[in-house]
Amino acid sequence: MPRANDAVEAVLLEYADLLAILSEDRFKPRSYEKAARAVGGYHADIGTLEPAEILKIPNVGKSIAEKIQEFLREGTIETLESLRAKIPPGVRDIIAVPGVGPKKAMILYQDLGIANIDDLRAAVESGRIAELKGFGARTESNIRRGLERLQQQTGRALASVAMDLAEDFIERIRSNVDVERIDYAGSLRRMVETIGDVDLLVASDDPVPVMDAFTGIDIVERVLAKGEAKSSVLTRQGLQVDLRVVPAEAWGAAMIYFTGSKAHNIRIREMAVRKGLKLNEYGLFDAKSGTLIVAQTEQEVYERLGLPWIPPTMREDRGEVEAALDGSLPDVLTQKQLRGDLHTHTNLTDGLASLEQMLETASAMKYAYYAVTDHAPNLFMQRMTDEKMLAQRERLRKLQPKYPRMTLLHGTELNIDPEGNVDWGPEFLDGFDVRVASVHSMFGQSKDEMTRRIVRAMENPYVNVIGHPTTRKINQRQPVEFDLDEVFAAAARTGTALEVNAYPDRLDLKDEHIVWAKRYGVKFAVDTDSHATTHLDHMRYGVAMAQRGWLTKDDVINAWPLGKLRTFLRKGR
DNA sequence: GCCGTTTTCGGCCCGACTGTTTTCAGTCG
């Protein structure tokens, strides 16, 4: 479902890369890069904006705005074409090799005629690179390793995989050496849906043993860099882990710096500069005297910049700084505010745990309500029948007295067929407390068909939640295509919640879509879609995605008290 | 190329590590 924004972002990033290779000006490429990110993260579809509105996008000025319009009109940009003519397209790929940037790529092209990755590989093999001015044997071997890494790169890791790795590292470092504090930061702390590398932060006055412990861990395949303040390793599974050591007094400033995002950091550092201050990982300083002002906690640093503390999941420079400045930063959903889970399975269908086991685990999470939503009959392989469903309801009702603090809800996950119908008629559907409905088949329908299909399901007065709305699986399956505006508008109109599926390889809806849907007044259900007791813990990823989508407890139906939830589930019936 | 509570020019976030070089450029996050 590409918005024009994605294409514009891509073309501006290409422009930035080509300028970085060709231009002496260091700042021009950065302008294009900043504009690209701003367009990519902009809330409105740029294809529908008037020229004056395009100019309002941050970091987009007259020149870039004109180029964007030219691109939207013509499909390309004349000046970009002339940049492209100067450099073979493969040179841009070379920048993606770790250790090679725009400057080295240009030298390789000019002096050795290296125009693509294959040329580069051949030049490495023949030993020609070490002879270049400014290059050497070490550089050549680094490029060789960079090429290897590029080849074996399996893509970015799921947040859950990176989290497990981070926690493993933290535990191993802690058990080997005394550290005052240790935690993960980076994109993992921001809970980006996939993680390129894991960032760890340690507070210690004695970094050397920390670095030794870090680089000596047995799952480390190779040490990429090792210094007193900073080291990087590559794990056997191919993930890079960076570790940074700072003094304990600087923990807050370092945490901000290492959590990012880069764009967010640049924003607040620019704010600091304007206030005559300087912000780095060691603290916030007076620019002139160099005197330290604050560094101990994130809260203090933000406060001194005139900002409230901003949750890590919001630090993407997608308007959070502006919102923080004018006091409109939302109090985003927390896991504590969630009162229940509305989408879970048992071994009656494809779950791994029994009803009793799931309830036992759920009750430990202190939920006020909990819905069991096994698959409905039309997902034939699950062999559900009306009788089995009703028998499960009986069992659930009998188990209720065991859980005086948790109301047990009987639900189902319906299948939305290609026409938008679901498994049962009104009479049977009426017997459930809650009904999730999801697309499980015919993913390849046209955009129009898929839009009609989902809208029709939402118009069903018994369908309460659309499960994993785009059905994507991260790194495995593309999302289905439907008209986002139409579906979001229909969700708001029909009183149907859209799911924020917390399963780590789904995370569906994703953050950008959540922001978009919220503008229509859509309500959401943050659910785990658990198929095992351990999956109930995945709620943290769903909450993170909701935070990244700027949702508050008012937007999320399973953060509501049961009475209010029940009213919503009636859909005005 | 963008931007402004030291505004229309002169800045542009900041620091660590590496390698090749004798003081720094390139890359990275």
Side-chain angles (χ1 to χ4, degrees), chain A residues 12 15-16 19-21 23-38 55-68 79 94-108 129-143 145-146 185-188 190 195-201 207 211 223-233 240-246 250 253-254 256-285 287-288 305-306 317 325:
Chain A
L12 291 178
Y15 212 118
L19 281 177
I21 297 168
S23 162
E24 288 299 308
D25 188 341
R26 291 182 300 128
F27 297 106
K28 217 158 148 182
R30 243 191 72 198
S31 296
Y32 278 88
E33 198 188 325
K34 283 168 84 170
R37 303 290 176 209
L55 260 175
K56 281 192 192 139
I57 301 173
N59 301 314
V60 175
K62 191 162 168 285
S63 171
I64 292 182
E66 275 169 12
K67 292 189 174 78
I68 291 173
T79 48
I94 291 173
I95 299 179
V97 177
V100 185
K103 299 291 175 259
K104 285 204 175 97
M106 190 58 180
I107 294 171
L108 289 168
I129 289 184
E131 295 157 16
L132 277 177
K133 206 177 120 198
F135 289 59
R138 300 294 291 267
T139 305
E140 184 172 279
S141 91
N142 280 344
I143 292 177
R145 288 176 157 176
S187 52
L188 185 57
R190 302 201 312 281
I195 308 295
D197 49 42
V198 171
D199 298 310
L200 302 177
L201 184 64
M211 291 307 186
V223 178
L224 299 170
K226 190 176 177 187
E228 291 219 348
K230 184 180 162 185
S231 296
S232 297
V233 302
Q240 183 174 328
V241 183
D242 298 333
L243 182 138
R244 189 70 197 257
V245 178
V246 295
I256 290 176
Y257 154 75
F258 220 26
T259 296
S261 64
K262 193 176 167 183
H264 176 88
N265 283 353
I266 290 174
R267 276 307 298 278
I268 61 175
R269 286 180 181 197
E270 284 169 351
M271 281 184 67
V273 170
R274 281 200 297 278
K275 289 174 186 289
L277 307 170
K278 185 181 75 163
L279 177 63
N280 61 27
E281 56 265 53
Y282 300 109
L284 186 63
F285 300 85
K288 265 201 189 127
L305 288 171
D317 193 23
L325 279 172

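Note that this is a predicted model, so its numbers are computed, not measured. Lettering follows sequence order; numbering is per chain, from 1.
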- Message: By the rule that syn is within 90° of 0, classify the base conformation of B:dT20 as syn or anti.
- Response: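 Here the answer is anti: the torsion falls beyond 90° from 0.
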Using the [atom1] atoms only, state how far [M] lies from [N], rounded to an integer number of Å.
N	M	atom1	result
B:dC13	B:dG4	P	13 Å
B:dT18	B:dT22	C1'	16 Å
B:dG26	B:dT21	C1'	13 Å
B:dT8	B:dG1	C1'	14 Å
B:dT20	B:dC14	P	29 Å
B:dC12	B:dC17	C1'	24 Å

The side chain of [X] is closest to which nucleotide in this list: [options]?
X	options	value
A:Pro102	B:dG19, B:dG29, B:dT27	B:dT27
A:Arg269	B:dG1, B:dG15, B:dC14	B:dC14
A:Lys103	B:dT27, B:dC12, B:dG15	B:dT27
A:Lys278	B:dT20, B:dA16, B:dC14	B:dC14
A:Val273	B:dC2, B:dA16, B:dC13	B:dC13
A:Lys28	B:dC12, B:dC17, B:dG1	B:dG1
A:Asn280	B:dG15, B:dA16, B:dC13	B:dG15
A:Asp242	B:dG15, B:dC17, B:dG29	B:dG29
A:Ser31	B:dC13, B:dG1, B:dC28	B:dG1

For [X], answer base if it contacts any base atom (sugar-phosphate contacts may also be present), sugar-phosphate if it contacts only those atoms, and nothing otherwise; contact means non-hydrogen atoms under 4.0 Å.
X	value
A:Pro58	sugar-phosphate
A:Leu19	nothing
A:Ala137	sugar-phosphate
A:Asn265	nothing
A:Lys262	base
A:Arg244	sugar-phosphate
A:Ile266	base
A:Tyr257	base

- A:Lys104 or A:Glu140: which one's nearest nucleotide on DNA chain B is closer to the 5' end?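 Nearer the 5' end of the strand: A:Glu140.
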- Task: Report the residue (A:Lys226 or A:Gly101) whose heavy-atom-nearest nucleotide on DNA chain B is the more 5′ of the two.
- Result: A:Lys226
- Item | A:Glu66 with A:Lys62: basic N within carboxylate O range, under 4.0 Å | yes
If only atom types and distance count, is the side chain of [X] paired as donor or acceptor with the main-chain N or O of [Y] below 3.5 Å?
X	Y	result
A:Glu281	A:Tyr257	no
A:Glu140	A:Ala130	yes
A:Lys278	A:Lys288	no

- Query: How about A:Tyr32 and A:Ser63: do any of their side-chain heavy atoms sit closer than 4.5 Å?
  - Reply: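 Counting from C-beta outward, A:Tyr32 and A:Ser63 do come under 4.5 Å.
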- Query: Does the side chain of A:Asn265 come within less than 4.5 Å of A:Ile256's, by heavy atoms?
  - Reply: yes
From [atom1] of [X] over to [atom2] of [N], roughly how many Å is that when rounded to an integer?
X	N	atom1	atom2	answer
A:Asn142	B:dG26	CG	C1'	12 Å
A:Leu279	B:dC13	CG	P	12 Å
A:Lys133	B:dG26	NZ	C1'	15 Å

- Query: Given B:dT20, is OP1 or OP2 found less than 4.0 Å from the side-chain N or O atoms of A:Thr139?
  - Reply: yes
- Message: Return the CD to CG distance between A:Gln240 and A:Asp197, rounded to the nearest 0.5 Å.
- Response: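 One gets 5.0 Å once the value is rounded to the nearest 0.5 Å.
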- Given that both distances must come in under 3.5 Å, which nucleotide forms a Watson-Crick or G-U wobble pair with B:dG26? B:dC17
